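In what follows, a single structure is set out as structure tokens and then discussed.
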Amino acid sequence: MSGFERLTIEEARTLTRSELLPRIEQEQKYWYERIRRSRMQPGDDEAFKTFNKILHAAADLDRTRADTEALLQSRPLDKDYWRTPLGELGVL
């Protein structure tokens, strides 16, 4: 994976969900390949926990429910969800 850099909490706070999604997908492939090939090394567990924390903050399941309800009730969706950095939203 050339050019691959692991996400940090500090960096994730400065990015919007739209900016994070491609990075999350790239890092997710990295981790699943390491796990699948049994190539986890000492120290990887903390980095993997950090990645999962970012992933769960970006993929907010409560928000998915709220958006579904808004769509069903013909209410507008909150565009800030995708356009505002996670740190400004207080998510991370």
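What you see is a predicted model; the values in this text were computed from it and never measured.
- L21 and W31 end up in different hydrophobic clusters when Ile, Leu, Val, Met, Phe, Trp and Tyr side chains are linked at under 4.5 Å.
- Surrounding CZ of R83 are at most 12 heavy atoms belonging to other residues, nucleotides or ligands under 6.0 Å away.
- The closest side-chain heavy-atom distance from L7 to I24 is below 4.5 Å.
- Taking every heavy atom of both residues into account, L92 and A12 meet most closely at CD1-CB, 3.5 Å.
- With a 4.5 Å cut-off on side-chain heavy atoms, L86 and T14 do not count as touching.
- Note: L20 CG to E25 CD = 11.0 Å, rounded to the nearest 0.5 Å.
- Counting only distance, with no hydrogens or angles, the side chain of T50 and the backbone of E46 share a donor-acceptor pair below 3.5 Å.
- Smallest separation of non-hydrogen atoms from L89 and Y81: CD1-O, 4.3 Å.
- Hydrophobic clustering of Ile, Leu, Val, Met, Phe, Trp and Tyr side chains at less than 4.5 Å, counting indirect connections, unites I9 with V91.
- The two atoms that bring W82 and T16 nearest to each other are O-CB, 3.2 Å, heavy atoms only.
- Cation-pi geometry between R6 and Y30 is not met at under 6.0 angstrom from the ring centre and within 45 degrees of the axis.
- Closest approach of P76 and A70 over heavy atoms only: O-CB, 4.3 Å.
- Looking at E11 and R23, a side-chain N of the basic residue comes within less than 4.0 Å of a carboxylate O on the acidic one, giving a salt bridge.
- Residues E69 and R75 approach most closely at C-NH2, 3.7 Å, considering heavy atoms.
- With rounding to the nearest 0.5 angstrom, the CZ atom of R13 is 9.5 Å from the CD1 atom of I54.
- Interatomic distance, CZ of R36 versus NZ of K29, reported as 13.5 Å (0.5 Å rounding).
- At least one side-chain heavy atom of R34 sits under 4.5 Å from a side-chain heavy atom of D44.
- Judged by distance alone, the side chain of R17 and the main-chain N or O of P85 form no donor-acceptor pair under 3.5 Å.
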